[in-house]
Protein chains: 2
Amino acid sequence: MKRVSLKDIAKQAGVVPSTVSFVLNGKAKQMRISDELAEKIRALIEAAGYQPHHTAVSLRTGKTKILGLIVEDISNVFFASLAKSIEDAAYSLGYRIVYCSTENDPEKGKELIRMLTHQQVDGYLITPTPGMENDINNLIKNNKPVVLMDRFLPGLDVPFTLVDNYAGVKLGMEHLLGKGYKNIAFVTLDTQQIQMLQREKGYKETLKRHGIEVRNELIEKIPFKSRPEDAIKQVSEFIKSNPDIDAIFFATNYLGMYGLESIKKAGLKIPEEIGVICFDDHDIFRLFTPAITIIRQPIEEIARSAIEMLISLLENNYTVTAESHVYKKPELVIRSST
Amino acid sequence: MKRVSLKDIAKQAGVVPSTVSFVLNGKAKQMRISDELAEKIRALIEAAGYQPHHTAVSLRTGKTKILGLIVEDISNVFFASLAKSIEDAAYSLGYRIVYCSTENDPEKGKELIRMLTHQQVDGYLITPTPGMENDINNLIKNNKPVVLMDRFLPGLDVPFTLVDNYAGVKLGMEHLLGKGYKNIAFVTLDTQQIQMLQREKGYKETLKRHGIEVRNELIEKIPFKSRPEDAIKQVSEFIKSNPDIDAIFFATNYLGMYGLESIKKAGLKIPEEIGVICFDDHDIFRLFTPAITIIRQPIEEIARSAIEMLISLLENNYTVTAESHVYKKPELVIRSST
DNA sequence: CTGAAAGCGCTTACAG
DNA sequence: CTGAAAGCGCTTACAG
């Protein structure tokens with residue numbers, strides 16, 4: 001059983017292949033093909049289950065309809081679900097995704113960009129790591145469409161979509177303050193990544209706005225690539241040496257995971273003895289406690305927005321404007337304790 | 001900057017494109033092209049950084065050099081690292097991978113096969129779910145190369161590579177028995193998947209071989225899609241109602257994760273009060289205890305073997321023989337407790 | 001060894 | 001609206 005080609009459809013319809021092609025590509029009107037004929041051709045296409053030969057189209061048009069997705073670490077649940085959402089959104093718009101992780105290594109990032117370029121992707125979706133500025137600039141210079149996600153690189157005029165990190169922490173902090181917690185600690189990563197800085201800013205400014213003094217000893221920074229044991233130890237000691245802490249805001253899901261273990265070690269009850277909020281969820285939380293409140297990123301929305309911007313860039317000569325910087329609203333999720 | 005084509009190289013070398021193509025495809029000898037000329041052409045290719053246009057090659061040869069990988073659940077660490085290894089192995093042999101998960105749903109599996117077929121993959125790597133027999137048979141009938149991984153479907157004569165599940169559990173059981181544990185429990189999934197049945201068989205037969213009676217009350221089966229809370233509860237109750245248990249073999253890493261939480265709840269010390277072995281590792285284990293012994297699958301070996309079989313099928317008219325059923329030796333990893 | 005040519009399955013500019 | 005044709009970048013059978 002040979003696959004049907006556009007030529008076969010043309011023969012069946014008694015027209016020349018060009019006509020079928022025009023109908024297929026929505027240029028029927030433009031080419032003044034009668035509605036009647038167009039409808040007949042569409043029916044034949046449908047009946048035959050004809051699908052254009054992707055490779056042939058690519059060769060002819062120079063477009064692969066493949067987008068490259070570079071995330072920081074695909075084994076991290078957050079990036080995994082982001083990748084999944086991106087894939088679904090892209091697929092529904094007729095694009096495919098090739099993806100790979102930088103493992104936070106700019107060298108690897110450079111290599112991946114080269115690989116994707118060789119695979120002739122039409123555009124790039126990137127969660128950038130500091131150090132990738134030049135590579136991303138190169139793409140832009142070569143007129144390759146790029147959209148950043150999850151974070152951006154200050155100084156690069158590239159479209160991006162990410163959660164409003166500042167607003168997310170503010171939302172969580174106000175929830176904790178509303179519950180009556182007074183000495184709220186903030187556990188974050190020791191990194192200059194923009195999204196982490198914005199989260200820290202959210203913590204500090206919400207306190208200030210409520211007339212509460214920011215105590216630097218209540219902000220604990222965990223080295224970026226700590227081993228779990230070390231991170232747990234550090235958080236444990238932090239909790240022990242600040243016995244007046246009555247709530248903790250964990251700035252990432254991995255920190256939350258380590259933090260929950262530390263809290264368990266300390267024998268503290270959540271939420272009676274210590275309130276906990278975490279930015280991003282993790283399956284594992286349910287192993288520890290039902291009583292953790294989550295700041296949830298609208299991952300599907302972020303994915304869809306990023307994909308739509310990229311495709312606009314690709315298809316509509318959309319240009320970068322102030323509207324190319326999209327912040328999505330995070331959500332506060334209170335886990336029921338049943 | 002336009003990309004260089006085969007034609008450009010031919011012009012530079014003062015030969016006709018065919019000649020370059022022959023050199024490129026290792027047919028220089030066969031076409032009696034002098035070593036000298038071939039070398040000159042190779043040098044030009046190198047110097048120009050020429051890369052064949054993948055799309056054009058595909059269109060001409062009808063081969064995409066893309067393999068479809070269908071795993072059960074890409075968010076599971078085991079499948080994620082399998083996918084990564086597969087990707088690396090394939091890439092080094094000049095193939096790319098498109099992957100997707102069935103989420104253990106045969107309907108989804110069918111849909112994915114259709115999708116991959118439409119994307120014109122050259123071959124399929126599948127971790128089959130019961131219920132996919134027909135779809136896989138269809139592929140075979142249509143002469144599509146298929147290699148199964150991680151498990152196989154009894155009754156389907158398809159090549160596969162997987163770990164020797166029976167030997168893995170035997171290895172672990174003998175380790176526990178050697179340490180002097182007497183009442184070893186086995187916690188597994190309530191499923192008919194072949195790899196799980198083989199693990200159970202490994203448990204039972206090792207006991208028998210050592211003259212120890214198999215006590216069915218020491219085998220606990222957790223429903224396939226339990227929520228973490230429920231699984232933890234079930235294991236906890238199992239431990240409580242069998243106080244003579246002095247060691248537990250967890251048949252999967254997820255079971256181990258739930259099990260460790262249950263053991264912690266029960267206040268039992270590992271390994272003094274209870275020995276623990278788990279089939280497959282999980283990052284999270286380190287949060288609970290360093291003293292867990294792992295039966296490790298040689299994932300890279302499995303990946304490489306599967307890829308090589310598939311490519312042989314594709315390129316060398318390799319046919320299915322007894323040697324197409326490959327079992328890889330698992331490894332016992334004892335975590336140091338420091 | 002070389003050359004000329006066909007063709008993979010499409011899209012699109014051109015002439016009518 | 002229709003037809004004839006070129007061409008995307010390759011590979012390969014054919015004739016010399």
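Sequence lines set the chain letters: A, B, ... in the order given, protein chains first and strands last, and positions in each chain run from 1.
Mapping S18(B) and T55(B) onto DNA chain D by nearest heavy atom places T55(B) at the nucleotide closer to the 5' end. Of the residues near DNA chain C, N25(A) and E36(B), the one whose nearest nucleotide (by heavy atom distance) lies more toward the 5' end is E36(B).
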Quiz item: Which is it for D35(A) and K29(A) under the salt bridge (charged side-chain N to carboxylate O under 4.0 Å, His left out) test, yes or no, and what are the steps along the way?
Solution: CA-CA 8 Å; D35(A) 289 355; K29(A) 282 265 177 291; 3.0 Å; yes

Quiz prompt | Evaluation steps, side-chain hydrogen bond (donor to acceptor under 3.5 Å, both in side chains), between D122(A) and T64(A) | solution = CA-CA 6 Å; D122(A) 291 344; T64(A) 54; 3.2 Å; yes

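Distance, M31(B) CE to dT11(D) C1': 10 Å, rounded to whole Å. Distance Q51(B) CD to dG9(D) P: 15 Å, rounded to the nearest Å. At whole-Å resolution of the value, NZ in K7(B) and C1' in dG7(D) are 9 Å apart. As rounded to whole Å, 11 Å separates atom P of dT2(C) from atom CZ of F22(B). As a whole-Å value, the separation of K63(B) NZ from dG7(C) P is 21 Å. In this structure, the CD1 atom of I33(B) is 13 Å from the C1' atom of dT12(D), given to the nearest Å. Note: CZ (R3(B)) to P (dC8(D)) measures 13 Å, nearest angstrom. dC10(D) atom P lies 12 Å from atom NE2 of H54(B), rounded to whole Å.
At dG9(C), none of the side-chain N or O atoms of Y50(A) fall inside 4.0 Å of OP1 or OP2 (strictly under the cut-off). For the OP1/OP2 pair of dG9(D) and a distance below 4.0 Å, the side-chain nitrogens and oxygens of S5(B) include no atom meeting the criterion.
Checked against dC10(D), dG3(C), dT12(D), the side chain of H53(B) finds its nearest nucleotide in dC10(D). Relative to the side chain of R60(B), the nucleotides dC10(C), dC8(C), dA13(C) differ in distance, and dC8(C) lies closest. For V15(B), counting side-chain heavy atoms from C-beta on, the closest listed nucleotide (dA6(C), dT2(C), dT12(C)) is dT2(C).
When Watson-Crick and G-U wobble pairs are counted only if both distances are under 3.5 Å, dA4(C) pairs with no nucleotide at all.
Put simply, the side chain of K65(B) never gets that close to the backbone of R96(B): no donor and acceptor are under 3.5 Å apart.
Among L148(A), I307(A), I302(A), the single residue meeting the side chain to side chain contact (heavy atoms under 4.5 Å, CB included) criterion with T161(A) is I302(A).
Within the nucleic acid shown, L59(B) comes within 4.0 Å of at least one base atom, counting heavy atoms only.
Counted by atom type alone, R60(A) and T55(B) present zero donor-acceptor pairs between their side chains at under 3.5 Å.
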